[in-house]
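Below is one structure, written out as structure tokens, with a few remarks after it.
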Number of protein chains: 2
Amino acid sequence: MSTSDPADRRGPDGPDRAADLPPVIARLWGRSAPPRRGPKPALSVERIVRAAVDLADAEGLAAVSMARVAESLGYSSMALYRYVESKDELLVLMADAVAESLTLPPLPEGDWRAGLEAWTRAQIEGVLARPWYLDLPLTTAPVGPHRLRWIDRAFAMLEPLGLTMDETLQIVGLLAQHVLGEGRVQVETRRAAAETVRSAQGLPGDTPERDLDERALAAANPYADYELVLSRLADPETYPALTRALTTWEPAPAAPDDWESDVGFGLDIVLDGIEAFVARRTGGRPGSAGPARTA
Amino acid sequence: MSTSDPADRRGPDGPDRAADLPPVIARLWGRSAPPRRGPKPALSVERIVRAAVDLADAEGLAAVSMARVAESLGYSSMALYRYVESKDELLVLMADAVAESLTLPPLPEGDWRAGLEAWTRAQIEGVLARPWYLDLPLTTAPVGPHRLRWIDRAFAMLEPLGLTMDETLQIVGLLAQHVLGEGRVQVETRRAAAETVRSAQGLPGDTPERDLDERALAAANPYADYELVLSRLADPETYPALTRALTTWEPAPAAPDDWESDVGFGLDIVLDGIEAFVARRTGGRPGSAGPARTA
DNA sequence: ACAGAACAGCGGATCACATAAACAGTTTCT
DNA sequence: AGAAACTGTTTATGTGATCCGCTGTTCTGT
């Protein structure tokens, strides 16, 4: 396709044919050729990424500035640019580093559904452990080695079903979407609950979530804003269905730590849907099946 | 819950009991009391939001700075702060404004599935028309009047099923997630395709997407990066399933403008899942049903 | 060995941005 | 009239990404 700029600098000491890769990808896969001259690099992409991840873990993604990362390593901001093209690239590298730190769930033989459920849950839990993951400007494109391992695992689970590559990719993509979506909702819910508790107990706004009363957290009404808005602002003519729903609403028993089952709700639905697709596709009656292409 | 700071400034000329709302919500709902003294405001929240939306439409969300928005209205940056608490609040207002501009699909009687499908598709199309929507720091919490109308509509569709409010909310939430997830994937895919075409045809990187050859766009392989990575970097032992999948892969007929059906793929699965839930829940056999609470 | 190229990390500077503080003019209430 | 409540502006502060040129280091080829 693209034949411009051959740039024939071959790796001198071995069959290193990975020289003309897009730089992001090269760095993701650790395939950047080591410099052959000049001072020995004091830093490394790995150390930088680790420092950035640590910073994000401690203070959130907003705290991850080039200056702060460099400072935490004892260098100046500009030093980082010798290893990383831009901050955006650093963020991409961080995303893959996160995938590395997550332990891949085992591959249960013969039960793709259980496998995919574990696969998805593990990732959602990963997101909950690292909420800043959601703030990364994630593109699907640059594929790092560790995220790719997750994808491979999902493919392995779906392999026995004999679907098309396109179909498999779509399903995996759907679940990956679901991870992010559900992760966002859960993180958001927790954050809102924490906020509520803090303001109700008069704690300072920066009280860490660990220090909050667990019972109070679970009891916090996640629909508080909803109720406020509906009761005070939304007139019944414009919002008839919501109004009706609210009047017949009873606040639910509020099980402590309902997050587990909340995650299950959406996930079960998605998995049911996938199961329906698989059934239609493999055990399919003719007519309603078809290879997912409507032209 | 919170009984502090009564702040008894009542609206003087009417039963305006909406004075002590959180300011974001007041502004979302246009319930900020007009000033009773001082010069007449030259600007308005509406004009500011509209200007911001226009800017985002034209140049993306990154171009929306307080300075640029103000400039486009002929005022200084700081003027905006008389109407809006912060930039974040402006973004929240923009989100609701987008919802306003989307036309709500009609409510088909007696077919909740068709209704929800249209509901979701309309929103995904909205996202495609305004990709910057995905860049907004969207929280579920601050509910604006126009987004709420969408939610009401979904509730109306699900109402005949007699589900719990919680269940309905979960389902609607799931679909809302799906809108964002699918929107992201679609936007990403298009962007990547545009990039590919641009680089293949040697066009400058800032060529607007409108000017690209439609046929070339459709033909662009969305998995180019995948293929590159898998063929050059990923060794078969570490990525066995993907490697196998890639070898048996045939590039698919590449129907022009396949986006419609691509959206349908994931959406059908989700809707199938919802249908399964509804069937289990309403026509449910005892034992496997239960009100979605596993405790 | 040695010159010079290639490279590391640094310091300073630029530019854009969000937002705070103080100000000057305007309108309305008392 | 005069204070109070506003409006939009000017000025300033702090932060962040990134550019550029500098100093010193370490290979490579001779």
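To find a chain, count down the sequence lines: A is the first, B the second, and so on, and within it residues start at 1.
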According to the side chain to side chain donor-acceptor pair (under 3.5 Å) rule, which pairs have a member within residues 53-65 of chain A, sequence neighbours left out?
-> A:Asp57-A:Arg130, A:Asp57-A:Trp132, A:Glu59-A:Arg68
Whole angstrom is fine here: how far is it from CD in A:Glu71 over to C1' in D:dA17?
-> 16 Å
Would you list the protein and nucleotides 17-20 of chain C atom pairs, both N or O, that sit under 3.5 Å from each other?
unit_1 : atom_1 : unit_2  : atom_2 : d
C:dA18 : OP1    : B:Lys87 : NZ     : 2.6
C:dA18 : OP2    : B:Met66 : N      : 2.7
C:dT19 : OP2    : B:Tyr81 : OH     : 2.8
C:dT19 : OP2    : B:Lys87 : N      : 3.1

N/O to N/O distances under 3.5 Å, protein versus nucleotides 13-15 of chain C:
none

One should read off an interatomic distance between B:Glu182 CD and B:Gln177 CD, to the nearest 0.5 angstrom, of 13.0 Å
Across all chains, not counting sequence neighbours, the side chain to side chain donor-acceptor pair (under 3.5 Å) partners of A:Asp96 are A:His146
Between A:Arg47 (side chain) and A:Ala42 (backbone), is there a donor-acceptor pair under 3.5 Å?
-> yes
Below 4.5 Å, heavy atoms only, C-beta onward: do A:Leu128 and A:Arg190 meet side chain to side chain?
-> yes
Taking A:Arg82 for the side chain and A:Leu80 for the main chain, is one N or O donor matched with an acceptor at less than 3.5 Å?
-> no
N/O (side chain, B:Tyr83) to phosphate O (OP1/OP2, D:dT7) under 4.0 Å | no
Under 3.5 Å: donor-acceptor pair, side chain of B:Arg31, backbone of B:Trp29 = yes
May I ask you to decide if B:Leu148's main-chain N or O and A:Tyr239's side chain share a donor-acceptor pair within less than 3.5 Å?
-> no
Given atom CG of A:Leu91 and atom C1' of D:dG16, what is their separation to the nearest angstrom?
-> 13 Å
Across the strands shown, which category fits A:Ala79 at heavy-atom distances under 4.0 angstrom: base, sugar-phosphate, nothing?
-> sugar-phosphate
Sequence neighbours excluded, which residues qualify as side chain to side chain donor-acceptor pair (under 3.5 Å) partners of A:Glu85?
-> none
Sub-3.5 Å donor-acceptor pair from the side chain of A:Tyr83 to the main-chain atoms of A:Leu43, do we have one?
-> yes
Separation of D:dT7 P from B:Leu73 CG (nearest whole Å) = 16 Å
Base versus backbone protein contacts along nucleotides 22-30 of chain C [heavy-atom cut-off under 4.0 Å; B, S, -] = ---BBBBS-
